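Since the model is a prediction, treat every value here as computed from it, not as a measurement.
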Amino acid sequence: MKVLIWLQSLVGSPWFASAAITLIATVVLCLLWTSRFSRNEARLPQGTFGWPFVGESLEFIFCGYTPRPEKFMDKRIKRYGKVFKSHIFGSPTIVTTDAEVSKAVLQNDGRTFVPFYPKSITQLMGDSSILLINGGLQKRIHGLIGGFLKSPPLKAQITEEIENYVRVTMKSWKDGQLVYIQDEAKHIAFQVLVKALISLGPGKDMDFLKQQFREFTAGLMSLPLNLPGTRLYRSLQASKEKYGKRIIEEKRREQRRSCPRDVLDVLLEDTSQKLNKQMISDNLIDMMIPGEDSVPILITLAIKYLTDYPQVYESLLEENLKMKYSKERLGQQLCWSDYLSMPFTQNVITETLRLGNVITGVMRRAMKDVVIKGHFIPKGWCVFPYFRSVHLDEQNYQDPYSFNPWRWQDRDSTSCYFTPFGGGHRLCPGVDLSRLEAAIFLHHLVTNYRWVAEEDSVVNFPTVRMKRKLPIRVQKLELA
């Protein structure tokens with residue numbers, strides 16, 4: 001009887017009413033959460049959406065900070081297969097680690113899938129960014145830049161400039177000095193890219209641009225809160241538009257050239273009348289991002305792997321010394337084609353891209369319902385081709401966690417099982433330039449220096465980098 005009286009009093013209490021309302025609200029929200037994705041549920045790939053609202057994002061991020069971030073994918077591949085549904089970064093997502101499905105997503109015409117980025121990135125980039133625009137305009141800009149970067153005059157010019165930057169940097173190294181490769185590579189790669197884009201050399205303007213650019217890019221992976229004092233707010237204040245427009249005005253005051261000197265010349269001289277001043281200035285800054293990230297990390301990881309695998313280092317040294325002595329006997333400097341024609345050097349770079357996974361994947365949003373290899377992808381959902389899992393799949397590569405450049409001697413590096421720069425009409429137009437920069441840096445390092453690396457480790461999230469920037473102690477190489 002006492003228990004019954006206690007329950008009756010409890011039911012009438014404010015505490016019980018609050019608890020009941022909370023419980024009912026939680027149940028209703030969970031039902032709403034699951035009902036959001038009930039459409040075409042039977043046709044969707046297997047998988048789970050995880051917790052309400054946060055989905056599986058926390059587990060994905062946690063795995064991202066481990067030495068093997070692909071464990072998040074591996075766990076679900078074993079349970080659901082290589083294509084599965086999930087909920088990460090605030091969106092229902094179809095994750096694909098199937099190379100053929102990923103290829104179909106990347107090679108679409110822009111009407112089926114469009115780029116998807118976190119809100120902080122879209123706010124910073126703006127609607128006219130080449131990373132976000134689609135269709136004919138994107139293809140036009142991509143084609144103009146790609147054509148210029150492959151032009152013979154640019155190849156000769158940029159090869160000489162990269163060599164000069166590398167020589168100047170390495171000449172400053174003293175025997176026994178501790179050098180942070182990631183910083184050195186970033187410094188060189190940024191100068192190279194800015195020179196190719198706007199013909200800007202070292203000096204106060206370069207230093208100012210680098211400062212503004214780093215302030216701007218620091219907000220790319222920040223929380224999407226545009227309030228005074230937040231990271232995103234400070235990044236938005238480092239307006240890429242103002243600096244870009246200033247560069248354009250200065251360029252227009254210069255005398256018109258018969259042959260474009262840089263990417264900005266190419267864009268300003270476009271006769272399609274599709275490119276306005278804001279679009280050009282926005283994309284100049286966007287195209288500098290590889291100089292701050294992808295290329296330097298490629299170089300840094302290559303040197304880490306050379307340190308870890310002495311046999312690879314010896315073979316690379318042999319090939320590069322042979323090329324160096326051959327050109328010296330002819331009284332010639334190495335050119336673009338020389339660097340890209342050294343097979344083992346290029347295999348080292350290819351294997352670095354495969355094992356290092358500088359770009360782990362890309363995200364797209366479906367503009368309509370689509371079926372690929374029997375997998376249904378609903379309109380409005382994200383698709384996440386995860387390259388890292390493809391590159392480290394033992395079904396695709398024997399002993400995938402071993403650094404083995406020799407595996408590329410008889411293997412096609414253009415297949416859908418190797419997509420370090422993405423693919424389709426959004427394939428990075430500077431692919432060959434990236435390989436050239438890495439080859440030149442490696443050539444001058446191995447033919448001029450020995451080194452001992454200090455202990456360091458790879459960090460894989462939010463972007464790939466070395467935890468301590470790969471410190472090495474250099475010693476000038478005395479060759480007979």
Q) Should the heavy atoms of other residues, nucleotides or ligands under 6.0 Å from CD of Q332 be counted, would the total exceed 12? A) yes

Q. Any salt bridge between E163 and R167, counting N to O under 4.0 Å?
A. yes

Q.
More than 12 heavy atoms of other residues, nucleotides or ligands under 6.0 Å from CD of E314: yes or no?
A. yes

Q: Report the distance from atom CD of E100 to atom SG of C416, rounding to the nearest 0.5 Å.
A: 5.5 Å

Q: Give the minimum heavy-atom separation between V295 and A189, together with the two atoms involved.
A: CG1-CB, 4.2 Å

Q.
Please enumerate all residues that pass side chain to side chain contact (heavy atoms under 4.5 Å, CB included) together with A104, with sequence neighbours excluded.
A. I372

Q | Under the salt bridge (Lys or Arg N to Asp or Glu O under 4.0 Å) test, residues paired with D308 that sit two or more places apart | A | K304

Q: Quick one: do Q395 and K82 satisfy side chain to side chain donor-acceptor pair (under 3.5 Å)? Show the steps, please.
A: CA-CA 12 Å; Q395 294 180 2; K82 290 189 176 183; 3.1 Å; yes

(Q) Tell me every residue that passes side chain to side chain contact (heavy atoms under 4.5 Å, CB included) with S151, counting only those two or more places apart in sequence or in another chain. (A) F148, P153, L154

Q) Roughly how far, to the nearest 0.5 Å, is CD1 of I349 from OG of S434? A) 9.5 Å

**Q.** Whether H375 side chain and F84 backbone form a donor-acceptor pair below 3.5 Å
**A.** no

**Q.** Other residues, nucleotides, ligands: >12 heavy atoms within 6.0 Å of K150 NZ
**A.** no

Q.
Tell me whether R76 contacts the main-chain N or O of F72 through its side chain, where contact means a donor paired with an acceptor under 3.5 Å.
A. yes

Q: Using side chain to side chain contact (heavy atoms under 4.5 Å, CB included) as the criterion, list what pairs up with I133, not counting sequence neighbours.
A: L137, Q138, I141

(Q) Could you walk me through whether K467 and D456 satisfy the salt bridge (charged side-chain N to carboxylate O under 4.0 Å, His left out) test, starting with their C-alpha distance in whole Å, then the side-chain angles of each, then the deciding distance to 0.1 Å, before giving a yes or no? (A) CA-CA 6 Å; K467 187 175 183 179; D456 202 356; over 6 Å; no

**Q.** Under 3.5 Å donor-acceptor, H425 side chain and N108 backbone
**A.** yes

Q) Does a donor on one side chain sit under 3.5 Å from an acceptor on the other, for N460 and T360? A) no

Q.
So which atom in V312 and which in F403 form the shortest heavy-atom distance, rounded to 0.1 Å?
A. CG1-CE2, 3.8 Å

Q: Taking salt bridge (Lys or Arg N to Asp or Glu O under 4.0 Å) as the test, write out the residues that go with K195, two or more places apart.
A: none

Q: Could you pull out the closest heavy-atom pair between T447 and L321, with the gap in Å?
A: CG2-CD2, 3.9 Å

Q.
Could you check whether atom NZ of K210 has more than 12 heavy atoms from other residues, nucleotides or ligands sitting under 6.0 Å from it?
A. yes

Q. Is there a donor-acceptor contact under 3.5 Å linking the side chains of Q177 and R473?
A. no

(Q) Just verifying a value: how many Å separate E319 CD and Q346 CD, rounded to the nearest 0.5 Å? (A) 9.0 Å

(Q) Going by salt bridge (Lys or Arg N to Asp or Glu O under 4.0 Å), name the pairs with one or both residues in residues 407-434, residues two or more places apart or in two chains. (A) E351-R407

Q.
As an exercise, state the distance from CD1 of I440 to CD1 of I162, rounded to the nearest 0.5 Å.
A. 4.5 Å

Q | Test side chain to side chain contact (heavy atoms under 4.5 Å, CB included) applied to P202 - qualifying residues, sequence neighbours left out | A | Y165, Q191

Q: Could you tell me whether R68 sits above the aromatic face of Y401, with NZ or CZ closer than 6.0 angstrom to the six-membered ring centre and within 45 degrees of the axis?
A: yes

Q) T97 and D393: side chain to side chain donor-acceptor pair (under 3.5 Å), yes or no, with the steps? A) CA-CA 9 Å; T97 63; D393 188 339; over 6 Å; no

Q. Within a reach of under 6.0 Å around CD of E160, are more than 12 heavy atoms found that belong to other residues, nucleotides or ligands?
A. no

Q: Look only at the side chain of T159 and the backbone of A156, and say whether a donor-acceptor pair between them is shorter than 3.5 Å.
A: no

Q) Residues in salt bridge (Lys or Arg N to Asp or Glu O under 4.0 Å) with R468, at least two apart? A) E454

Q) Measuring from L433:CG to I145:CD1, what's the distance to the nearest 0.5 Å? A) 12.0 Å

(Q) Distance check, rounded to the nearest 0.5 Å: S389 atom OG versus D74 atom CG? (A) 5.5 Å

Q: Determine, stepwise, if the pair L144 / D270 fulfils side chain to side chain contact (heavy atoms under 4.5 Å, CB included).
A: CA-CA 8 Å; L144 288 170; D270 178 48; 3.8 Å; yes

Q: Please name all residues satisfying salt bridge (Lys or Arg N to Asp or Glu O under 4.0 Å) with D338, sequence neighbours left out, ordered by chain then number.
A: K327

Q) Looking only at side chains, do T307 and W451 share a donor and an acceptor under 3.5 Å apart? A) yes

Q. Which atom names give the shortest non-hydrogen contact between S402 and R354, and what distance separates them?
A. O-NH2, 3.2 Å

Q) Is atom CE of M367 surrounded by more than 12 heavy atoms (other residues, nucleotides or ligands) closer than 6.0 Å? A) no

(Q) Going by the rule ring-ring contact (aromatic ring centres under 6.0 Å, His included), which residues pair with F89 if we only count those two or more places apart in sequence or in a different chain? (A) F60

Q. With no hydrogens and no angle check, is any side-chain donor or acceptor of T96 less than 3.5 Å from a backbone partner on D98?
A. yes

Q) Which residues pass the side-chain hydrogen bond (donor to acceptor under 3.5 Å, both in side chains) test with Y313, sequence neighbours left out? A) R450

Q) Looking at F418 versus W408, is the centre-to-centre ring distance below 6.0 Å? A) yes

Q | Nearest atoms (heavy-atom pairs only) where L200 meets V194 | A | CB-CG1, 3.6 Å

**Q.** Side-chain donor/acceptor of E70 to backbone N/O of L392, under 3.5 Å
**A.** no

Q: Check the pair I158 / L436 against side chain to side chain contact (heavy atoms under 4.5 Å, CB included), numbers first and verdict last.
A: CA-CA 9 Å; I158 203 70; L436 176 72; 4.0 Å; yes

Q: Kindly determine whether R465 and Q182 satisfy side chain to side chain donor-acceptor pair (under 3.5 Å), including the steps that lead there.
A: CA-CA 8 Å; R465 64 195 184 281; Q182 191 169 291; over 6 Å; no

Q. Which pair of heavy atoms, one from Y417 and one from H391, lies closest together, and at what distance?
A. O-CD2, 3.4 Å

Q) Tell me, which pairs form a ring pair (Phe, Tyr, Trp, His ring centres under 6.0 Å) where one or both residues lie in residues 428-449, sequence neighbours left out? A) W173-Y449, Y339-H443

